[in-house]
*Asks:* 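Sending over a structure as structure tokens; questions will come in a sec.
Each ligand, and each atom within it, is numbered from 1 in the order the structure gives. This chain uses plain numbering: 1 for the first residue, then up along the sequence.
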Amino acid sequence: MDIHHADPAKSRLLLHVCCAPCSTASIERLRDNYVITGFFFNPNIFPVSEYERRLGEAQIFFEQIGLPIIVGAYDAKDWAAKTSEFADEPEGGRRCCICMELRLRVAAASARERGFDLIATVLSISPHKDVRMINELGRAAADAAGIGFLELDLKKGGGFQRSVELSRAHHLYRQDYCGCAASLRERDRRRAGEK
Ligand code: SF4
């Protein structure tokens with residue numbers, strides 16, 4: 001589907017969300033033009049207590065703003081098996097590529113199954129993420145599912161800073177690591193180095 005020829009006001013968008021804070025400014029930017037449903041699918045998040053915390057925050061936030069959210073399966077073992085070979089790579093490498101490809105592929109398949117017109121993801125609001133990689137993976141996932149993909153760079157125009165402000169305003173928990181066990185170890189090393 002070529003989204004440039006669709007009437008965006010009528011397009012049903014399944015928006016992959018990694019957490020509530022990244023959803024805030026992303027939804028603010030998209031809400032006037034799309035009919036949005038959130039899709040929380042993040043088997044990368046470790047440990048399970050952190051997964052439950054981020055999921056709970058996302059559900060509360062979506063309820064506050066009056067939008068529906070679908071929760072995908074949490075198969076952390078499958079995610080670990082797919083990425084274990086690259087567990088020691090720094091953020092931004094092949095582990096992240098596999099991680100994002102999986103999340104976008106499942107989002108696209110789910111969107112297709114449920115009759116959405118297109119998908120997007122809030123991942124590009126993070127200054128730590130490679131927007132080109134996200135958009136290439138999203139396009140490929142959407143093409144394979146036969147739906148549209150909305151290319152975004154949500155950090156542009158102060159998007160990340162706005163997400164920080166809105167997270168504060170909504171009293172949201174903001175995590176300080178991306179999600180997986182490797183990024184948690186990296187966070188711990190960073191903290192140790194700061195002492
Ligand atoms: S650092 Fe983030 S994007 Fe990369 S593999 Fe870990 S959870 Fe996924």
*Asks:* Looking at D75 and K77, is there a salt bridge between them, counting it only when a charged N and a carboxylate O are closer than 4.0 Å?
*Replies:*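 The answer is no: the pair does not qualify as a salt bridge.
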*Asks:* With heavy atoms under 4.0 Å as the rule, classify the contact between M133 and ligand 1 as side chain, backbone, both or neither.
*Replies:*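 Looking at M133 and ligand 1, no heavy atom falls under 4.0 Å.
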*Asks:* Taking the side chain as every heavy atom from C-beta outward, state whether C97 and L137 have any atom pair closer than 4.5 Å.
*Replies:*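 When only atoms from C-beta onward are counted, L137 and C97 do touch, with a gap below 4.5 Å.
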*Asks:* Can you name the atoms of ligand 1, numbered from 1 with element, that are less than 4.0 Å from a heavy atom of R103?
*Replies:*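 It comes down to these atoms of ligand 1: 3 (S), 8 (Fe).
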*Asks:* Taking the ring centre of each residue, are Y51 and F40 less than 6.0 Å apart?
*Replies:*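 Between Y51 and F40, the centre distance is under 6.0 Å.
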*Asks:* Return yes if a side-chain donor-acceptor contact under 3.5 Å exists between H170 and Q64, otherwise no.
*Replies:*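 The criterion, which ignores hydrogens and geometry beyond distance, is satisfied for Q64 and H170.
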*Asks:* Could you tell me, atom by atom, which parts of ligand 1 come under 4.0 Å of a heavy atom of W79?
*Replies:*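 Near W79, meaning under 4.0 Å from one of its heavy atoms, ligand 1 has 5 (S).
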*Asks:* Close to atom 8 (Fe) of ligand 1, meaning under 2.8 Å, how many protein N, O or S atoms are there?
*Replies:*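 Protein heteroatoms (N, O, S) closer than 2.8 Å to atom 8 (Fe) of ligand 1 number 1.
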*Asks:* For salt bridge (charged side-chain N to carboxylate O under 4.0 Å, His left out), just list the numbers for R54 and E50, CA-CA rounded to whole Å, side-chain angles, deciding distance to a tenth of an Å, and then say yes or no.
*Replies:* CA-CA 6 Å; R54 294 189 198 184; E50 177 73 15; 2.7 Å; yes
*Asks:* Quick one: closest heavy-atom pair of I147 and I119, and the distance?
*Replies:*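 Scanning both residues, the minimum pair turns out to be CD1-CG2, 3.6 Å.
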*Asks:* Cation-pi check for Y177 against R189: NZ or CZ below 6.0 Å from the six-membered ring centre and within 45 degrees of the axis, yes or no?
*Replies:*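 Output no; distance or angle outside limits.
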